[in-house]
**Student:** 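First, the structure itself, so that you have it in front of you.
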Amino acid sequence: MHSPAGCPATTSSRAIRPSFVPMAQRGSRGREQRLPSSSSSAPDAELASILRAEAAVSGVSRKATAAVSQQQQSTRLWPRAVLEALDSAVASCHWESALEIFELMRKQRWYEPRTRTYARLLMMLGKCRQPGPAAALFRVMLSEERLAPTVDVYTALVGAYGYSGMLDEALATVELMKGAADCKPDEYTFSILINCCCKSRRFDLIPPVLDEMSYLGIGCNVVIHNAIIDGYGKAGMLAEMGTALCNMLEDGDNVPDIYTMNSIIWAYGNRGRVDDMEKWYSEFQLMGVEPDSRTFNIMIKSYGKANMHEKMMMVLKYMKRRFFSPTAATFNIIIECFGRAGDIEKMEYYFRLMKIQGIKPNPITYCSLVNGYSKAGILDKVPAIIRQTENTDVVLDTPFFNCVINAYAKSGDIKIMEEMLQLMKEKKCKPGKVIYTTMIQAYIAHGMDEAAKLLEIEVDSFGNRLL
DNA sequence: ATAGGGTTAG
(Lines give C-alpha, C1' and ligand atoms only; values in the text may rest on other atoms or scores of the structure.)
Protein backbone atom coordinates (compact mmCIF):
# COMPACT_ATOMS: atom_id res chain seq x y z
CA MET A 1 0.00 0.00 0.00
CA HIS A 2 2.72 2.48 0.90
CA SER A 3 5.18 3.78 -1.64
CA PRO A 4 8.26 1.76 -2.43
CA ALA A 5 10.37 4.52 -0.97
CA GLY A 6 8.48 3.92 2.24
CA CYS A 7 10.29 0.71 3.10
CA PRO A 8 12.82 0.87 5.87
CA ALA A 9 16.43 0.47 4.87
CA THR A 10 17.43 -3.14 5.03
CA THR A 11 20.70 -4.29 6.50
CA SER A 12 22.08 -5.06 3.08
CA SER A 13 21.31 -1.66 1.62
CA ARG A 14 22.94 -0.01 4.56
CA ALA A 15 26.07 -2.04 4.08
CA ILE A 16 26.54 -0.68 0.57
CA ARG A 17 25.36 2.76 1.50
CA PRO A 18 26.79 3.86 4.82
CA SER A 19 24.97 7.12 4.83
CA PHE A 20 21.32 8.03 5.10
CA VAL A 21 21.40 10.07 1.94
CA PRO A 22 19.16 8.38 -0.61
CA MET A 23 20.75 6.42 -3.40
CA ALA A 24 19.18 8.42 -6.22
CA GLN A 25 20.64 11.60 -4.81
CA ARG A 26 24.11 10.20 -4.45
CA GLY A 27 24.01 8.85 -7.95
CA SER A 28 22.88 12.07 -9.51
CA ARG A 29 25.37 14.17 -7.66
CA GLY A 30 28.25 11.76 -7.84
CA ARG A 31 30.76 14.39 -8.77
CA GLU A 32 30.17 16.46 -5.68
CA GLN A 33 30.40 13.54 -3.39
CA ARG A 34 34.12 13.42 -2.73
CA LEU A 35 35.11 16.12 -0.34
CA PRO A 36 38.65 17.40 -0.29
CA SER A 37 39.66 16.82 3.29
CA SER A 38 41.73 19.89 4.05
CA SER A 39 40.47 22.66 1.81
CA SER A 40 38.19 24.92 3.76
CA SER A 41 36.43 26.67 0.90
CA ALA A 42 35.45 23.54 -0.98
CA PRO A 43 32.63 22.51 1.35
CA ASP A 44 31.19 25.97 0.92
CA ALA A 45 31.19 25.44 -2.79
CA GLU A 46 29.52 22.10 -2.37
CA LEU A 47 26.84 23.48 -0.08
CA ALA A 48 26.26 26.32 -2.50
CA SER A 49 25.80 23.81 -5.27
CA ILE A 50 23.29 21.75 -3.28
CA LEU A 51 21.43 24.91 -2.52
CA ARG A 52 21.48 26.07 -6.10
CA ALA A 53 19.87 22.83 -7.17
CA GLU A 54 17.43 23.21 -4.31
CA ALA A 55 16.60 26.79 -5.19
CA ALA A 56 16.04 25.90 -8.81
CA VAL A 57 13.43 23.39 -7.76
CA SER A 58 11.65 25.33 -5.12
CA GLY A 59 12.64 28.94 -5.09
CA VAL A 60 12.52 28.92 -1.32
CA SER A 61 16.18 28.69 -0.51
CA ARG A 62 17.32 31.65 -2.52
CA LYS A 63 18.27 33.59 0.54
CA ALA A 64 20.38 30.77 1.86
CA THR A 65 22.01 30.33 -1.53
CA ALA A 66 22.96 33.97 -1.64
CA ALA A 67 24.30 33.82 1.90
CA VAL A 68 26.54 30.87 1.15
CA SER A 69 27.71 32.14 -2.22
CA GLN A 70 28.78 35.40 -0.67
CA GLN A 71 30.87 33.59 1.85
CA GLN A 72 32.78 31.40 -0.55
CA GLN A 73 36.10 32.74 0.75
CA SER A 74 35.34 33.40 4.39
CA THR A 75 35.33 30.29 6.54
CA ARG A 76 34.42 32.11 9.71
CA LEU A 77 30.72 32.61 9.24
CA TRP A 78 29.97 29.35 7.75
CA PRO A 79 28.43 27.37 10.56
CA ARG A 80 25.65 29.90 10.55
CA ALA A 81 25.18 29.60 6.81
CA VAL A 82 24.97 25.83 7.04
CA LEU A 83 22.56 25.93 9.95
CA GLU A 84 20.37 28.42 8.15
CA ALA A 85 20.43 26.32 5.02
CA LEU A 86 19.46 23.27 7.05
CA ASP A 87 16.65 25.16 8.75
CA SER A 88 15.33 26.35 5.44
CA ALA A 89 15.40 22.89 3.88
CA VAL A 90 13.70 21.35 6.93
CA ALA A 91 11.09 24.09 7.08
CA SER A 92 10.18 23.60 3.44
CA CYS A 93 10.25 19.83 3.78
CA HIS A 94 12.96 19.27 1.18
CA TRP A 95 14.15 16.16 2.85
CA GLU A 96 16.73 15.16 0.27
CA SER A 97 18.47 18.50 0.46
CA ALA A 98 18.15 18.58 4.23
CA LEU A 99 19.88 15.22 4.56
CA GLU A 100 22.64 16.27 2.19
CA ILE A 101 23.24 19.47 4.09
CA PHE A 102 23.21 17.57 7.36
CA GLU A 103 25.72 15.05 6.04
CA LEU A 104 27.95 17.92 5.03
CA MET A 105 27.50 19.52 8.43
CA ARG A 106 28.60 16.36 10.18
CA LYS A 107 31.96 16.62 8.43
CA GLN A 108 32.73 20.07 9.80
CA ARG A 109 35.20 20.64 12.58
CA TRP A 110 32.73 22.65 14.60
CA TYR A 111 30.02 20.03 14.37
CA GLU A 112 28.62 18.74 17.64
CA PRO A 113 25.96 16.03 17.57
CA ARG A 114 22.68 17.09 19.14
CA THR A 115 19.58 15.03 19.72
CA ARG A 116 17.45 18.06 18.90
CA THR A 117 18.73 18.15 15.34
CA TYR A 118 18.00 14.47 14.95
CA ALA A 119 14.50 14.90 16.36
CA ARG A 120 13.80 17.71 13.90
CA LEU A 121 15.12 15.78 10.92
CA LEU A 122 13.17 12.69 11.92
CA MET A 123 10.03 14.74 12.33
CA MET A 124 10.53 16.16 8.84
CA LEU A 125 11.09 12.68 7.38
CA GLY A 126 7.85 11.58 9.00
CA LYS A 127 6.01 14.46 7.39
CA CYS A 128 7.55 13.55 4.04
CA ARG A 129 6.71 9.88 4.54
CA GLN A 130 10.24 8.63 4.41
CA PRO A 131 10.45 5.84 6.99
CA GLY A 132 13.46 4.24 5.31
CA PRO A 133 15.75 7.26 5.55
CA ALA A 134 14.34 7.92 9.04
CA ALA A 135 15.32 4.47 10.28
CA ALA A 136 18.76 4.87 8.73
CA LEU A 137 19.20 8.29 10.33
CA PHE A 138 18.19 6.89 13.70
CA ARG A 139 20.83 4.19 13.36
CA VAL A 140 23.50 6.74 12.48
CA MET A 141 22.58 8.63 15.61
CA LEU A 142 22.94 5.51 17.74
CA SER A 143 25.98 3.85 16.28
CA GLU A 144 28.06 6.64 14.75
CA GLU A 145 27.27 9.54 17.04
CA ARG A 146 26.68 7.39 20.11
CA LEU A 147 23.95 9.75 21.23
CA ALA A 148 21.33 8.50 23.65
CA PRO A 149 17.88 9.00 22.16
CA THR A 150 15.40 11.25 23.90
CA VAL A 151 11.62 11.05 24.09
CA ASP A 152 11.40 13.57 21.26
CA VAL A 153 13.67 11.52 19.02
CA TYR A 154 11.70 8.34 19.67
CA THR A 155 8.43 10.16 19.19
CA ALA A 156 9.60 11.52 15.85
CA LEU A 157 10.53 7.97 14.87
CA VAL A 158 7.05 6.78 15.85
CA GLY A 159 5.67 9.41 13.48
CA ALA A 160 8.11 8.51 10.72
CA TYR A 161 6.75 4.96 10.74
CA GLY A 162 3.17 5.76 11.58
CA TYR A 163 2.54 8.45 8.98
CA SER A 164 3.63 5.99 6.31
CA GLY A 165 1.12 3.45 7.55
CA MET A 166 3.77 1.25 9.18
CA LEU A 167 1.86 1.00 12.41
CA ASP A 168 3.46 -2.23 13.56
CA GLU A 169 6.83 -0.52 13.49
CA ALA A 170 5.37 2.56 15.19
CA LEU A 171 3.91 0.41 17.98
CA ALA A 172 7.19 -1.50 18.31
CA THR A 173 8.99 1.83 18.73
CA VAL A 174 6.65 2.75 21.57
CA GLU A 175 7.43 -0.62 23.17
CA LEU A 176 11.13 0.18 22.78
CA MET A 177 10.59 3.47 24.58
CA LYS A 178 9.01 1.74 27.54
CA GLY A 179 12.19 -0.26 27.99
CA ALA A 180 14.61 2.63 27.47
CA ALA A 181 15.89 4.83 30.26
CA ASP A 182 14.25 8.27 30.52
CA CYS A 183 12.30 7.76 27.33
CA LYS A 184 8.90 6.76 28.58
CA PRO A 185 6.23 7.60 26.00
CA ASP A 186 4.22 10.66 26.99
CA GLU A 187 1.10 12.51 25.84
CA TYR A 188 3.00 13.89 22.91
CA THR A 189 4.06 10.41 21.78
CA PHE A 190 0.53 9.11 22.02
CA SER A 191 -0.95 12.07 20.21
CA ILE A 192 1.30 11.26 17.26
CA LEU A 193 0.50 7.56 17.48
CA ILE A 194 -3.26 8.12 17.60
CA ASN A 195 -3.07 10.61 14.78
CA CYS A 196 -1.22 8.02 12.69
CA CYS A 197 -3.87 5.38 13.47
CA CYS A 198 -6.55 7.82 12.27
CA LYS A 199 -4.69 8.83 9.13
CA SER A 200 -4.20 5.16 8.23
CA ARG A 201 -7.84 4.44 9.07
CA ARG A 202 -6.81 1.90 11.68
CA PHE A 203 -9.60 2.76 14.10
CA ASP A 204 -9.43 -0.73 15.55
CA LEU A 205 -6.15 0.29 17.19
CA ILE A 206 -7.58 3.28 19.02
CA PRO A 207 -9.29 1.51 21.97
CA PRO A 208 -6.23 -0.62 22.82
CA VAL A 209 -3.97 2.44 22.55
CA LEU A 210 -6.26 4.40 24.88
CA ASP A 211 -6.23 1.45 27.32
CA GLU A 212 -2.47 1.39 27.19
CA MET A 213 -2.38 5.10 27.95
CA SER A 214 -4.57 4.81 31.01
CA TYR A 215 -2.52 1.82 32.15
CA LEU A 216 0.58 4.02 31.97
CA GLY A 217 -1.27 6.76 33.82
CA ILE A 218 -1.33 9.13 30.84
CA GLY A 219 -4.50 11.13 30.46
CA CYS A 220 -6.29 11.97 27.25
CA ASN A 221 -5.65 15.63 26.49
CA VAL A 222 -7.45 18.03 24.12
CA VAL A 223 -5.11 17.33 21.24
CA ILE A 224 -5.70 13.59 21.45
CA HIS A 225 -9.47 14.01 21.71
CA ASN A 226 -9.39 16.31 18.70
CA ALA A 227 -7.28 13.91 16.69
CA ILE A 228 -9.79 11.12 17.28
CA ILE A 229 -12.76 13.32 16.43
CA ASP A 230 -11.11 14.58 13.27
CA GLY A 231 -10.08 11.07 12.30
CA TYR A 232 -13.63 9.71 12.46
CA GLY A 233 -14.93 12.81 10.74
CA LYS A 234 -12.53 12.54 7.83
CA ALA A 235 -13.42 8.87 7.47
CA GLY A 236 -17.09 9.76 7.36
CA MET A 237 -17.80 7.74 10.51
CA LEU A 238 -20.15 10.33 11.93
CA ALA A 239 -21.71 8.14 14.62
CA GLU A 240 -18.28 7.30 16.02
CA MET A 241 -17.34 10.94 15.77
CA GLY A 242 -20.36 11.81 17.88
CA THR A 243 -19.35 9.28 20.51
CA ALA A 244 -15.83 10.67 20.56
CA LEU A 245 -17.20 14.18 21.03
CA CYS A 246 -19.37 12.93 23.93
CA ASN A 247 -16.33 11.31 25.50
CA MET A 248 -14.55 14.59 25.31
CA LEU A 249 -17.44 16.53 26.81
CA GLU A 250 -17.78 13.99 29.63
CA ASP A 251 -14.08 14.17 30.35
CA GLY A 252 -14.23 17.21 32.58
CA ASP A 253 -10.62 18.29 32.00
CA ASN A 254 -11.06 18.89 28.33
CA VAL A 255 -13.12 21.64 26.82
CA PRO A 256 -13.81 21.67 23.08
CA ASP A 257 -11.84 24.31 21.24
CA ILE A 258 -11.59 25.78 17.75
CA TYR A 259 -9.91 22.61 16.47
CA THR A 260 -12.83 20.51 17.68
CA MET A 261 -15.26 22.94 16.10
CA ASN A 262 -13.55 23.00 12.72
CA SER A 263 -13.24 19.22 12.59
CA ILE A 264 -16.95 18.75 13.33
CA ILE A 265 -18.00 21.47 10.89
CA TRP A 266 -15.83 19.90 8.20
CA ALA A 267 -17.24 16.43 8.81
CA TYR A 268 -20.86 17.47 8.30
CA GLY A 269 -20.24 20.11 5.66
CA ASN A 270 -18.11 17.95 3.45
CA ARG A 271 -20.77 15.26 3.37
CA GLY A 272 -23.44 17.71 2.28
CA ARG A 273 -25.14 17.84 5.66
CA VAL A 274 -25.22 21.62 5.79
CA ASP A 275 -28.13 21.68 8.25
CA ASP A 276 -26.11 19.75 10.79
CA MET A 277 -23.13 21.92 10.00
CA GLU A 278 -25.13 25.04 10.80
CA LYS A 279 -26.56 23.45 13.93
CA TRP A 280 -23.10 22.66 15.24
CA TYR A 281 -21.87 26.11 14.33
CA SER A 282 -24.39 27.59 16.79
CA GLU A 283 -23.83 24.80 19.26
CA PHE A 284 -20.12 25.54 19.49
CA GLN A 285 -20.77 29.22 19.89
CA LEU A 286 -23.07 28.41 22.81
CA MET A 287 -20.19 26.43 24.28
CA GLY A 288 -18.09 29.56 24.02
CA VAL A 289 -16.03 28.60 20.99
CA GLU A 290 -15.65 31.39 18.43
CA PRO A 291 -15.18 30.63 14.72
CA ASP A 292 -12.04 31.70 12.90
CA SER A 293 -11.21 32.20 9.24
CA ARG A 294 -10.66 28.48 8.79
CA THR A 295 -14.17 27.80 10.03
CA PHE A 296 -15.51 30.14 7.38
CA ASN A 297 -13.36 28.60 4.68
CA ILE A 298 -14.72 25.17 5.56
CA MET A 299 -18.27 26.49 5.42
CA ILE A 300 -17.73 28.25 2.10
CA LYS A 301 -16.32 25.06 0.68
CA SER A 302 -19.28 23.05 1.96
CA TYR A 303 -21.85 25.45 0.55
CA GLY A 304 -19.99 25.48 -2.73
CA LYS A 305 -20.00 21.73 -2.91
CA ALA A 306 -23.73 21.71 -2.22
CA ASN A 307 -24.22 24.31 -4.99
CA MET A 308 -25.52 26.82 -2.48
CA HIS A 309 -23.71 29.75 -4.01
CA GLU A 310 -25.78 32.46 -2.38
CA LYS A 311 -24.97 31.09 1.09
CA MET A 312 -21.35 30.98 0.07
CA MET A 313 -21.45 34.68 -0.70
CA MET A 314 -23.25 35.35 2.57
CA VAL A 315 -20.40 33.83 4.52
CA LEU A 316 -17.93 35.93 2.57
CA LYS A 317 -19.91 39.07 3.40
CA TYR A 318 -20.19 38.03 7.02
CA MET A 319 -16.44 37.57 7.22
CA LYS A 320 -15.94 41.07 5.88
CA ARG A 321 -18.30 42.52 8.45
CA ARG A 322 -16.54 40.71 11.26
CA PHE A 323 -13.12 41.80 9.96
CA PHE A 324 -11.92 38.33 9.09
CA SER A 325 -9.78 38.90 6.06
CA PRO A 326 -10.19 36.26 3.38
CA THR A 327 -7.02 34.26 2.82
CA ALA A 328 -5.58 32.70 -0.31
CA ALA A 329 -7.44 29.52 0.70
CA THR A 330 -10.75 31.44 0.79
CA PHE A 331 -10.26 32.69 -2.76
CA ASN A 332 -8.97 29.35 -3.98
CA ILE A 333 -12.12 27.66 -2.69
CA ILE A 334 -14.37 30.20 -4.38
CA ILE A 335 -12.43 30.13 -7.64
CA GLU A 336 -12.50 26.36 -7.66
CA CYS A 337 -16.22 26.32 -6.94
CA PHE A 338 -17.16 28.63 -9.82
CA GLY A 339 -14.74 26.87 -12.11
CA ARG A 340 -16.35 23.54 -11.34
CA ALA A 341 -19.78 25.05 -11.94
CA GLY A 342 -18.62 26.30 -15.35
CA ASP A 343 -19.14 29.94 -14.36
CA ILE A 344 -15.97 31.36 -15.90
CA GLU A 345 -17.06 34.94 -15.50
CA LYS A 346 -17.41 34.67 -11.72
CA MET A 347 -14.26 32.58 -11.51
CA GLU A 348 -12.26 35.28 -13.26
CA TYR A 349 -13.96 37.98 -11.22
CA TYR A 350 -12.82 36.46 -7.94
CA PHE A 351 -9.35 35.87 -9.33
CA ARG A 352 -9.15 39.59 -10.13
CA LEU A 353 -10.59 40.49 -6.75
CA MET A 354 -8.00 38.32 -5.05
CA LYS A 355 -5.17 40.20 -6.74
CA ILE A 356 -6.78 43.60 -6.10
CA GLN A 357 -7.04 42.77 -2.42
CA GLY A 358 -3.35 42.07 -2.38
CA ILE A 359 -3.62 38.35 -1.79
CA LYS A 360 -1.01 36.49 -3.77
CA PRO A 361 -2.29 33.67 -5.95
CA ASN A 362 -0.36 30.42 -5.47
CA PRO A 363 0.03 27.27 -7.57
CA ILE A 364 -3.26 25.99 -6.18
CA THR A 365 -5.05 29.07 -7.48
CA TYR A 366 -3.62 28.53 -10.96
CA CYS A 367 -4.54 24.89 -10.78
CA SER A 368 -8.16 25.76 -10.06
CA LEU A 369 -8.20 28.23 -12.93
CA VAL A 370 -6.86 25.62 -15.33
CA ASN A 371 -9.48 23.14 -14.14
CA GLY A 372 -12.17 25.75 -14.70
CA TYR A 373 -11.00 26.51 -18.23
CA SER A 374 -10.69 22.82 -18.93
CA LYS A 375 -14.22 22.18 -17.76
CA ALA A 376 -15.53 25.03 -19.90
CA GLY A 377 -13.57 23.84 -22.92
CA ILE A 378 -11.47 26.99 -23.30
CA LEU A 379 -7.99 25.63 -22.88
CA ASP A 380 -6.52 28.35 -25.09
CA LYS A 381 -6.57 30.51 -21.97
CA VAL A 382 -4.09 28.22 -20.24
CA PRO A 383 -0.85 29.44 -21.88
CA ALA A 384 -1.67 32.98 -20.80
CA ILE A 385 -2.07 31.73 -17.22
CA ILE A 386 1.35 30.16 -17.32
CA ARG A 387 2.87 33.29 -18.87
CA GLN A 388 1.28 35.37 -16.14
CA THR A 389 3.13 33.49 -13.42
CA GLU A 390 6.45 34.30 -15.05
CA ASN A 391 6.24 37.91 -13.90
CA THR A 392 5.59 36.88 -10.30
CA ASP A 393 7.52 34.96 -7.70
CA VAL A 394 5.06 32.08 -7.85
CA VAL A 395 6.93 28.87 -8.56
CA LEU A 396 4.80 26.43 -10.48
CA ASP A 397 5.06 22.96 -9.05
CA THR A 398 4.46 19.37 -10.06
CA PRO A 399 0.78 19.21 -9.02
CA PHE A 400 0.14 22.30 -11.13
CA PHE A 401 1.55 20.62 -14.20
CA ASN A 402 -0.38 17.48 -13.36
CA CYS A 403 -3.42 19.65 -13.64
CA VAL A 404 -2.36 21.18 -16.97
CA ILE A 405 -1.39 17.88 -18.53
CA ASN A 406 -4.59 16.31 -17.30
CA ALA A 407 -6.54 19.12 -18.96
CA TYR A 408 -4.87 18.63 -22.34
CA ALA A 409 -5.13 14.86 -21.99
CA LYS A 410 -8.88 15.16 -21.52
CA SER A 411 -9.33 17.46 -24.49
CA GLY A 412 -7.17 15.21 -26.64
CA ASP A 413 -4.54 17.83 -27.47
CA ILE A 414 -1.80 15.25 -27.40
CA LYS A 415 0.81 17.50 -28.92
CA ILE A 416 0.34 20.32 -26.42
CA MET A 417 0.25 17.75 -23.63
CA GLU A 418 3.71 16.60 -24.67
CA GLU A 419 4.93 20.18 -24.89
CA MET A 420 3.72 20.78 -21.36
CA LEU A 421 5.67 17.77 -20.11
CA GLN A 422 8.70 19.34 -21.76
CA LEU A 423 7.94 22.69 -20.17
CA MET A 424 7.59 21.23 -16.71
CA LYS A 425 10.93 19.51 -17.05
CA GLU A 426 12.45 22.83 -18.11
CA LYS A 427 10.98 24.37 -15.00
CA LYS A 428 12.65 21.65 -12.94
CA CYS A 429 9.40 20.00 -11.87
CA LYS A 430 9.77 16.27 -11.57
CA PRO A 431 6.99 14.40 -13.35
CA GLY A 432 5.67 11.60 -11.18
CA LYS A 433 3.53 8.54 -11.54
CA VAL A 434 0.32 10.58 -11.68
CA ILE A 435 1.38 12.42 -14.83
CA TYR A 436 2.60 9.35 -16.65
CA THR A 437 -0.59 7.47 -15.83
CA THR A 438 -2.60 10.36 -17.25
CA MET A 439 -0.51 10.52 -20.40
CA ILE A 440 -0.63 6.78 -20.99
CA GLN A 441 -4.40 6.86 -20.64
CA ALA A 442 -4.58 9.70 -23.15
CA TYR A 443 -2.40 7.83 -25.66
CA ILE A 444 -4.56 4.73 -25.34
CA ALA A 445 -7.75 6.74 -25.71
CA HIS A 446 -6.43 8.12 -28.99
CA GLY A 447 -5.28 4.81 -30.34
CA MET A 448 -1.63 5.71 -29.90
CA ASP A 449 -0.72 2.36 -28.42
CA GLU A 450 2.88 2.63 -29.50
CA ALA A 451 3.42 5.90 -27.62
CA ALA A 452 1.65 4.43 -24.59
CA LYS A 453 3.97 1.44 -24.61
CA LEU A 454 7.07 3.59 -24.93
CA LEU A 455 6.01 5.69 -21.99
CA GLU A 456 5.27 2.61 -19.92
CA ILE A 457 8.76 1.35 -20.58
CA GLU A 458 10.13 4.72 -19.49
CA VAL A 459 8.11 4.57 -16.27
CA ASP A 460 9.36 1.06 -15.53
CA SER A 461 12.93 2.19 -16.02
CA PHE A 462 12.41 4.79 -13.31
CA GLY A 463 11.35 1.99 -10.99
CA ASN A 464 11.19 2.90 -7.36
CA ARG A 465 12.50 6.40 -7.77
CA LEU A 466 9.18 7.56 -9.10
CA LEU A 467 6.84 8.78 -6.45
C1' DA B 1 1.65 17.92 18.63
C1' DT B 2 -4.52 18.58 16.45
C1' DA B 3 -8.39 22.14 12.09
C1' DG B 4 -8.88 25.23 5.94
C1' DG B 5 -7.22 25.18 -1.42
C1' DG B 6 -4.60 21.06 -5.77
C1' DT B 7 -2.80 16.49 -9.09
C1' DT B 8 -5.00 10.02 -10.63
C1' DA B 9 -9.54 6.92 -11.28
C1' DG B 10 -13.72 5.28 -10.01
Side-chain angles (χ1 to χ4, degrees), chain A residues 119 123 126-127 151-152 155-156 158-159 162-163 185-196 198-199 220-231 233-234 244 248 254 256-267 269-270 284 289 291-302 304-305 315 319 324 326-337 339-340 350-351 354 359-372 374 396-407 409-410 420 424 429-442 445 467:
Chain A
M123 202 50 100
K127 240 201 258 173
V151 186
D152 286 356
T155 299
V158 170
Y163 284 121
D186 58 12
E187 287 183 7
Y188 174 45
T189 316
F190 281 105
S191 81
I192 302 270
L193 183 63
I194 291 216
N195 208 355
C196 292
C198 290
K199 294 265 164 6
C220 211
N221 63 23
V222 198
V223 176
I224 296 176
H225 276 297
N226 285 341
I228 297 172
I229 289 169
D230 188 65
K234 289 282 190 303
M248 181 184 195
N254 294 301
D257 60 10
I258 185 63
Y259 291 87
T260 326
M261 178 176 190
N262 288 342
S263 291
I264 301 268
I265 297 270
W266 191 97
N270 187 55
F284 273 99
V289 184
D292 64 2
S293 69
R294 288 189 182 213
T295 318
F296 296 122
N297 287 345
I298 297 167
M299 294 179 82
I300 291 175
K301 167 109 182 155
S302 302
K305 208 175 168 187
V315 179
M319 281 177 83
F324 283 102
T327 62
T330 316
F331 280 105
N332 287 349
I333 292 166
I334 296 171
I335 288 168
E336 204 241 0
C337 171
R340 214 158 23 94
Y350 281 100
F351 180 52
M354 178 181 195
I359 296 164
K360 267 202 290 188
N362 56 30
I364 300 171
T365 319
Y366 293 108
C367 208
S368 303
L369 288 170
V370 169
N371 281 334
S374 160
L396 296 179
D397 56 10
T398 302
F400 171 77
F401 281 106
N402 288 352
C403 212
V404 171
I405 286 178
N406 184 43
K410 264 191 200 148
M420 288 298 164
M424 89 178 275
C429 290
K430 278 188 200 142
K433 208 176 174 176
V434 176
I435 278 205
Y436 287 116
T437 312
T438 310
M439 290 185 66
I440 290 168
Q441 295 295 325
L467 257 92

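So that the names make sense, note that chain A is the first sequence line, chain B the second, and so on, each numbered from 1. FYI, side chains are in, hydrogens and waters are out, and symmetry mates aren't considered; it's all heavy atoms of this structure. Computed from a predicted model, the values in this text were never measured in an experiment.
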**Student:** Looking at every strand, decide which applies to A/Lys127 at a 4.0 Å heavy-atom threshold: base, sugar-phosphate, or nothing.
**Tutor:**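 The answer is nothing, as A/Lys127 stays clear of every strand by at least 4.0 Å.
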**Student:** Syn if the chi torsion is within 90° of 0, anti otherwise; quick check, which is B/dG4?
**Tutor:** anti
**Student:** Can you name the salt bridge (charged side-chain N to carboxylate O under 4.0 Å, His left out) partners of A/Asp230, sequence neighbours left out?
**Tutor:**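 Salt bridge (charged side-chain N to carboxylate O under 4.0 Å, His left out) list for A/Asp230, sorted by chain: A/Lys234.
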**Student:** Any donor-acceptor pair under 3.5 Å between the side chain of A/Asn195 and the base of B/dA1?
**Tutor:** no
**Student:** Give the rounded distance in Å between these two atoms: CD1 of A/Ile264 and C1' of B/dT2.
**Tutor:**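 Rounded to the whole Å, the gap is 13 Å.
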**Student:** Expressed in angstrom and rounded to an integer, what is the separation of A/Ile229 atom CD1 from B/dA3 atom P?
**Tutor:** 13 Å
**Student:** With sugar-phosphate meaning primed atoms plus P, OP1 and OP2, does A/Thr260 contact a base, only sugar-phosphate, or nothing at under 4.0 Å between heavy atoms?
**Tutor:** nothing
**Student:** Identify the two heavy atoms, one from A/Trp266 and one from A/Gly233, that lie closest to each other, and give their separation to 0.1 Å.
**Tutor:**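 In this case the closest contact between A/Trp266 and A/Gly233 is CZ3-O, 4.2 Å.
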**Student:** What about A/Ser191: does its side chain form a donor-acceptor pair under 3.5 Å with the base of B/dA1?
**Tutor:**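 Yes, the side chain and the base share a sub-3.5 Å donor-acceptor pair.
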**Student:** Take the protein atom CD1 of A/Ile298 and the nucleotide atom C1' of B/dT2, then report the distance between them rounded to whole Å.
**Tutor:** 13 Å
**Student:** Whole angstroms only, please: what is the CG-C1' distance between A/Asp292 and B/dT2?
**Tutor:** 13 Å
**Student:** Strictly under 4.0 angstrom, non-hydrogen atoms only: write out the protein contact profile of nucleotides 5-10 of chain B, one letter per nucleotide from the 5' end, B, S or -.
**Tutor:** BBBSS-
**Student:** Rounded to the Å, how far apart are A/His225 NE2 and B/dA3 P?
**Tutor:** 17 Å
